[in-house]
Asker: 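Dumping the structure here so I can ask a few things about it.
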Protein chains: 2
Amino acid sequence: MGRVNEGLRRGRPPKGAEQLSREAILNAALAVIDAKGLDAVSMRTVAREIGVDAKSLYNHVDGKDGLLDAVAEHVLAGIHIPKSTGALEHDLRAIARAFRRATLAHPNAATLVLTRQLSSLEALAPVAAVLSVLRHAGYSPELSVHLLRSLLATLVGTLLREANAAPSFGVRDPKGIARRRKALEGSGLPALVETAPHLARCDHDEEFDFAVNLMIDALPACPPT
Amino acid sequence: MGRVNEGLRRGRPPKGAEQLSREAILNAALAVIDAKGLDAVSMRTVAREIGVDAKSLYNHVDGKDGLLDAVAEHVLAGIHIPKSTGALEHDLRAIARAFRRATLAHPNAATLVLTRQLSSLEALAPVAAVLSVLRHAGYSPELSVHLLRSLLATLVGTLLREANAAPSFGVRDPKGIARRRKALEGSGLPALVETAPHLARCDHDEEFDFAVNLMIDALPACPPT
DNA sequence: ACCTGAACACCGTTCAAGT
DNA sequence: ACCTGAACACCGTTCAAGT
């Protein structure tokens, strides 16, 4: 909720009344996102959360876009990279899980993390970790980068689905299922009808593991050196 | 640019002056997106493109969100699904390419297509095609859906990167490269330094093929029945 | 059936004025 | 150095009034 701005003052707060900080702004933004979703973020709602005027944010953050970038980087910086054991497949799986945990720590912010062009050094930690593991396994720099990009793409796509920002084809309400079934049966798309029960449910843990395992199982077809 | 709204009239256009249609709205929205990007889309800019009042759009479209959904579905509906040859790997590759072509036909709209929860039957065409190919190759309905989701996730992640809506770590301007190199060398992340030249460039055709091939090479590790 | 005027409650951002 | 008042040019959307 934040403090109420008592009375109208101008100029920098004369007393202790601690200053607005970039960190406070990021946390306020994250609070808004967690509570009301990404669409609820505006310079005004974030400022209100701290009890300050929206225009004050511009002293610490590069506009709304810069704020959102900073939030994304802040969230991803929360990743805890597991230390390498030297076992390629195990290590990749562990990094993938860590990436997922960090991304979904704030589910409403996941789209942001997965969708923004991050450039800070902190946000590069998972990238560095994957590359390090691949390099130690003997992959060339070039091949390591290709594999990194493929793995990352799969993670991004899978996690976006999980954050409800990509098609899952899961339909919760049974009315919707029945309606769609009807539509499908006359559609000349038998593959959809056959698989409809499995399309209708989506266990995110299971799908995540499946996708990661598939990528890792592909590695032998693409050996080092 | 669209017609000018000559004079201020009210009520439905009295004459021929053909009516506003849902299709005209979608095309106008796409024109705005192509010309000025996704952020330039507003009910007002789209309406201006046709020479009509923004509020008129509400007679044909369910608000801005509904409009964007409709645009995404419209774009994806433009996909040309190649007919099956019966060769699993070849067919999957062909569908993947068709998906890419359809998605990137309007590059500024790609994020929309890849990021919105699509539900129309038309948008299900690529899904049906992948499932059909997998089923014919002998995969069970359940496994087919898992494979579909993994493949789709990889495509979504890869194409989002291509649409500049996901991290690519490609840095164009050489000043940025030099600056980052400096930052990296002191960062204790040697894997990043070693691979920096390959991270700095990103050939989208190449990365797309690599990712798709990796998925397809994983299929033998995951056989039917 | 469909379009618009008036209206409302919002936006992001700049800039000068204040302390 | 940092905060705000005034101001600007935008938003999405509702609803009644028009034809």
Side-chain angles (χ1 to χ4, degrees), chain A residues 2-29 32-33 35-72 112 116, chain B residues 2-29 32-33 35-72 112 116:
Chain A
R3 289 175 293 116
V4 169
N5 193 345
E6 70 282 357
L8 302 180
R9 20 173 197 73
R10 212 182 200 179
R12 156 214 239 161
K15 280 244 145 196
E18 82 264 44
Q19 287 208 176
L20 187 52
S21 73
R22 189 180 163 86
E23 217 212 324
I25 294 174
L26 294 189
N27 286 332
V32 172
I33 291 173
K36 319 231 187 173
L38 215 49
D39 290 346
V41 175
S42 76
M43 297 305 269
R44 284 161 161 97
T45 54
V46 171
R48 190 152 43 230
E49 182 82 18
I50 329 182
V52 87
D53 190 279
K55 298 181 269 12
S56 302
L57 306 186
Y58 287 84
N59 287 303
H60 302 88
V61 136
D62 190 15
K64 186 184 182 181
D65 226 56
L67 170 56
L68 293 179
D69 278 336
V71 170
L112 223 52
R116 294 240 149 194
Chain B
R3 289 179 292 116
V4 169
N5 192 347
E6 72 281 357
L8 302 180
R9 18 171 198 71
R10 212 180 200 184
R12 154 212 239 158
K15 280 244 148 195
E18 83 265 42
Q19 287 207 179
L20 187 51
S21 73
R22 188 179 163 87
E23 218 213 321
I25 294 174
L26 294 189
N27 287 331
V32 172
I33 291 173
K36 316 229 190 176
L38 214 48
D39 290 346
V41 174
S42 76
M43 298 302 270
R44 285 160 159 98
T45 54
V46 172
R48 190 153 42 231
E49 182 81 18
I50 328 182
V52 89
D53 189 280
K55 299 183 267 12
S56 303
L57 306 185
Y58 288 83
N59 288 303
H60 303 88
V61 136
D62 190 15
K64 185 183 181 182
D65 225 56
L67 170 57
L68 293 179
D69 278 336
V71 170
L112 223 51
R116 295 242 146 192

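Each chain gets a letter, A, B and so on, in the order the sequences are listed, and its residues count up from 1.
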Asker: Looking at C/dA1, I'd like to know if its phosphate oxygens (OP1 or OP2) sit under 4.0 Å from a side-chain N or O belonging to B/His60.
Answerer: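 Indeed not, no polar side-chain atom of B/His60 lies that close.
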Asker: Report the distance from atom CG of B/Asp39 to atom C1' of D/dC11, rounded to the nearest whole Å.
Answerer: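 Result: 13 Å.
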Asker: Without decimals, in angstroms, what is the distance between B/Leu57 CG and C/dC2 P?
Answerer: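 The answer, rounded to whole Å, is 14 Å.
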Asker: Nearest 0.5 angstrom please: B/Ile50 CD1 to B/Asn27 CG, how far?
Answerer: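 Taking CD1 in B/Ile50 and CG in B/Asn27, the distance rounds to 9.0 Å.
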Asker: Is the shortest side-chain N/O distance from B/Ser56 to OP1 or OP2 of C/dC2 below 4.0 Å?
Answerer: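 No.
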Asker: What is the distance, rounded to the nearest whole Å, between atom CZ of B/Arg48 and atom P of D/dA9?
Answerer: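 Spelled out: CZ on B/Arg48 to P on D/dA9 is 14 Å.
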Asker: Which part of the nucleic acid does B/Thr45 contact within heavy-atom distance under 4.0 Å: base, sugar-phosphate only, or nothing?
Answerer: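 Here B/Thr45 touches the backbone only, sparing every base.
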Asker: In whole angstroms, how far is the P atom of C/dA9 from the CE atom of A/Met43?
Answerer: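 Those two atoms, CE and P, are 23 Å apart.
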Asker: Compare every heavy atom of B/Leu57 with every heavy atom of B/Met43, then report the nearest pair and how far apart it is.
Answerer: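 Answer, listing the atom of B/Met43 first, then B/Leu57: O-CD1, 3.4 Å.
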Asker: Starting at atom CG of B/Asn59, determine the distance to atom P of C/dC2, rounded to an integer number of angstrom.
Answerer: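 Between P of C/dC2 and CG of B/Asn59: 7 Å.
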Asker: D/dT4, OP1 or OP2 - any side-chain N/O from A/Lys55 closer than 4.0 Å?
Answerer: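 So the side-chain polar atoms of A/Lys55 never come under 4.0 Å of the phosphate oxygens OP1 or OP2 of D/dT4.
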Asker: Would you mind reading off the distance between B/Ile50 atom CD1 and C/dC2 atom P, rounded to a whole angstrom?
Answerer: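 My rounded result for the distance is 15 Å.
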Asker: I need the minimum non-hydrogen distance between B/Arg22 and B/Val61, along with the two atoms involved.
Answerer: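 What the structure gives for the nearest pair is NH1-CG2, 3.9 Å.
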Asker: Counting only side-chain heavy atoms from C-beta out, which of D/dT13, C/dG12, C/dC2 sits nearest to A/Tyr58?
Answerer: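 For A/Tyr58, the side-chain atoms sit closest to C/dG12.
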Asker: So what's C/dA7 paired with, Watson-Crick or G-U wobble, going by both distances under 3.5 Å?
Answerer: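 Answer to the pairing question: D/dT13, which forms a Watson-Crick or G-U pair with C/dA7.
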Asker: Nearest to the side chain of B/Gln19, which nucleotide is it out of D/dC3, C/dC2, C/dT4?
Answerer: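 Nearest nucleotide to the side chain: C/dC2.
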Asker: Can you tell which of D/dC11, C/dG5, C/dC11 lies closest to the side chain of B/Arg44?
Answerer: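 Selected nucleotide (nearest to the side chain): D/dC11.
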Asker: Please report the distance, rounded to the nearest Å, between CG in A/Asp53 and P in C/dC15.
Answerer: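 Atom CG in A/Asp53 sits about 17 Å away from atom P in C/dC15.
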Asker: Quick one: look up who C/dT19 pairs with, Watson-Crick or G-U, both distances under 3.5 Å, and put none if it's unpaired.
Answerer: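 Checking every strand shown, C/dT19 finds its partner in D/dA1, with both distances under 3.5 Å.
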Asker: So which nucleotide from C/dC3, D/dG12, D/dC3 ends up closest to the side chain of B/Ser42?
Answerer: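 Shortest atom-to-atom distance from the side chain points to D/dG12.
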Asker: How long is the line joining CG of B/Leu67 and P of D/dG12, in whole Å?
Answerer: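 So the two atoms are 10 Å apart, to the nearest Å.
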Asker: Do NZ/NE/NH1/NH2 and the carboxylate oxygens of B/Arg48 and B/Asp53 come within less than 4.0 Å?
Answerer: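 Result for this pair is no, no salt bridge flagged.
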Asker: Is it true that, when you exclude A/Asp62 itself, more than 12 heavy atoms of the residues, nucleotides or ligands shown sit nearer than 6.0 Å to its CG?
Answerer: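 Counting neighbours around CG of A/Asp62, 12 or fewer heavy atoms of other residues, nucleotides or ligands fall under 6.0 Å, so no.
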